[in-house]
Amino acid sequence: PWVSFIDGVCMGGGIGVSVHNGPRIATENALLAMPETAIALFPDVGTSFVLPRLRGELGTWLALTGARLRGADAVHAGLADHFVRRERLPDLKAALMDGDPSVVGRFAEALPPATFDAHRDAIRRCFAPRSVPDILRALEAEGTSWAAEQVAILRRMSPTSLAVSLELLRRGADATLDECLEMELALTRVVVNRHPDFREGVRALLVDKDNAPSWSPPRIEDVDPAAIRAMFAG
């Protein structure tokens with residue numbers, strides 16, 4: 001069996017090598033996220049298959065905002081199966097040496113309430129639309145501080161990346177894992193080589209670290225849906 005131990009930062013590729021197998025174990029030190037829209041990329045490593053299948057539009061919320069989940073929250077969301085304290089990992093590893101992955105259940109802790117429980121209904125309502133402008137309008141209609149925070153986060157991301165990510169997840173909901181991986185690979189070539197936002201996002205966040213990217217187009221409302229669809233056509 002393939003058993004994933006998530007005991008620290010697990011983002012991007014880390015999720016790619018852990019989330020597709022089971023059992024998936026997260027500790028109190030686990031921190032999971034798909035933060036790609038901040039650098040104008042999109043959720044990859046097969047998460048276009050996984051994220052649309054999380055309940056209540058949690059996957060769309062995670063994909064667009066890059067929200068970070070601690071260990072217990074990752075189990076609540078569906079990105080992990082068991083919550084196990086770090087101090088118990090050595091004993092669990094020893095028990096797994098007999099080859100029976102079901103022993104994981106003996107080491108799992110009861111889950112505390114999810115930190116996003118109070119926002120589940122809002123996430124379900126606001127992240128269900130087919131377009132990013134409609135998601136923004138739904139959030140603004142909520143009239144809560146949490147919703148306003150989500151709007152502010154989305155406004156910082158690459159508008160093109162948000163539109164691409166949302167379209168990718170909607171397509172991934174009806175695709176196999178292999179089809180999702182193929183779609184992600186083809187889309188990577190287009191996003192990295194033909195659109196300026198990826199290089200600008202990497203520059204602003206990772207190279208110059210000025211956190212002041214100049215997106216093209218600069219506003220979510222200015223993204224052309226036809227141009228987004230064309231990116232999926234290669």
Side-chain angles (χ1 to χ4, degrees), residues 1-54 58-93 96 101 104 107-109 111-117 119 123 149-150 152-154 156-158 161-162 165 168-169 172 177 180-181 184 188 191-192 198-199 201-211 213:
W2 178 290
V3 183
S4 298
F5 282 62
I6 306 169
D7 184 40
V9 175
C10 182
M11 300 183 185
I15 288 182
V17 298
S18 63
V19 76
H20 300 296
N21 303 283
R24 303 161 300 174
I25 298 156
T27 74
E28 70 275 18
N29 297 293
L31 183 64
L32 291 82
M34 292 301 295
E36 283 76 10
T37 54
I39 58 168
L41 202 56
F42 53 84
D44 56 354
V45 294
T47 57
S48 63
F49 176 83
V50 174
L51 293 172
R53 289 164 173 79
L54 301 185
L58 286 172
T60 308
W61 171 57
L62 294 171
L64 299 187
T65 66
R68 300 181 176 192
L69 300 180
R70 286 291 181 182
D73 278 351
V75 179
H76 279 295
L79 293 177
D81 302 305
H82 300 282
F83 179 56
V84 178
R85 295 285 176 185
R86 171 185 277 183
E87 63 190 28
R88 304 201 71 190
L89 293 184
D91 291 339
L92 172 54
K93 291 177 183 179
L96 284 167
V104 173
F107 292 81
E109 302 273 340
L111 290 174
T115 60
F116 53 81
D117 269 350
H119 310 299
I123 291 171
E149 181 183 359
Q150 307 313 300
I153 291 170
L154 293 174
R156 292 197 298 267
M157 304 303 183
S158 159
S161 176
L162 291 174
S165 299
L168 178 64
L169 263 61
L177 176 57
C180 286
L181 289 167
E184 292 168 6
T188 297
V191 169
V192 171
F198 175 66
R199 293 184 184 181
V202 171
R203 180 206 65 76
L205 190 70
L206 303 176
V207 180
D208 296 337
K209 299 182 180 180
D210 58 15
N211 292 312

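What you see is a predicted model; the values in this text were computed from it and never measured. Note: hydrogens, waters and symmetry copies are ignored here, and every other heavy atom, side chains too, is used.
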His20 and Trp2: CA distance, side-chain angles, deciding distance, side chain to side chain contact (heavy atoms under 4.5 Å, CB included) verdict: CA-CA 10 Å; His20 300 296; Trp2 178 290; over 6 Å; no

Any chance you could lay out the side chain to side chain contact (heavy atoms under 4.5 Å, CB included) test for Leu62 and Phe116, step after step, and finish with the verdict? CA-CA 12 Å; Leu62 294 171; Phe116 53 81; over 6 Å; no

Could you go step by step and tell me if Val19 and Val45 meet the side chain to side chain contact (heavy atoms under 4.5 Å, CB included) rule? CA-CA 10 Å; Val19 76; Val45 294; over 6 Å; no

Go through the steps to decide whether Leu31 and Leu69 satisfy the test side chain to side chain contact (heavy atoms under 4.5 Å, CB included), and finish with yes or no. CA-CA 6 Å; Leu31 183 64; Leu69 300 180; over 6 Å; no

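The minimum heavy-atom distance between Ala30 and Ile6, with the atom names listed, is CB-O, 3.3 Å. The two atoms that bring Gly172 and Cys180 nearest to each other are CA-SG, 3.7 Å, heavy atoms only. Taking all atoms of both residues into account, the shortest heavy-atom contact from Thr47 to Pro52 is O-CD, 3.7 Å. Scanning both residues, Val17 and Asn21, for their nearest heavy atoms gives O-ND2, 4.2 Å.
Residues satisfying the side-chain contact (heavy atoms from CB on, under 4.5 Å) test with Ala63, not counting sequence neighbours, are Pro43, Leu51, Leu169. Thr188 is linked by a side-chain hydrogen bond (donor to acceptor under 3.5 Å, both in side chains) to nothing, counting only residues two or more places apart in sequence or in another chain.
Taking the side chain as every heavy atom from C-beta outward, Glu36 and Asp44 approach each other to under 4.5 Å. Two residues are said to be in side-chain contact when any heavy atoms from C-beta on lie closer than 4.5 Å; Pro213 and Leu205 fail this criterion. By the 4.5 Å heavy-atom criterion applied to side chains, Leu32 and Asp73 are not counted as neighbours. Residues Phe83 and Glu28 form a side-chain contact, since some pair of their non-hydrogen atoms from C-beta on lies under 4.5 Å apart.
Without hydrogens or angle criteria, Asp81 side chain to Arg24 main chain gives a donor-acceptor distance under 3.5 Å. A donor-acceptor pair is defined here as one N or O able to donate and one able to accept, closer than 3.5 Å; no such pair exists between the side chain of Arg88 and the backbone of Ala108. Within the 3.5 Å criterion, the main-chain N or O of Ser18 finds a donor-acceptor partner in the side chain of Ser4. Not a single donor-acceptor pair under 3.5 Å links the side chain of Thr37 to the backbone N or O of Ser161.
Between Asp210 and Arg203 there is a salt bridge, with a side-chain nitrogen of the basic residue lying less than 4.0 Å from a carboxylate oxygen of the acidic one.
We find the CG-CE distance between Leu64 and Met34 to be 12.0 Å, quoted to the nearest 0.5 Å. One distance of note links CZ of Phe107 with NZ of Lys93; it measures 12.5 Å at 0.5 Å rounding. Between the CH2 atom in Trp61 and the CD1 atom in Ile123 there is a gap of 4.5 Å [rounded to 0.5 Å]. Atom CG of Leu111 and atom NE2 of His76 lie 4.5 Å apart (nearest 0.5 Å). Going from atom CZ of Arg156 over to atom OG1 of Thr65 covers 10.0 Å, rounded to the nearest 0.5 Å. To the nearest 0.5 Å, atoms CG (Leu41) and CD (Glu184) are separated by 9.5 Å.
Screening Val75, Asp7, Val84 for a side chain to side chain contact (heavy atoms under 4.5 Å, CB included) with Ile25, the sole residue that qualifies is Val84.
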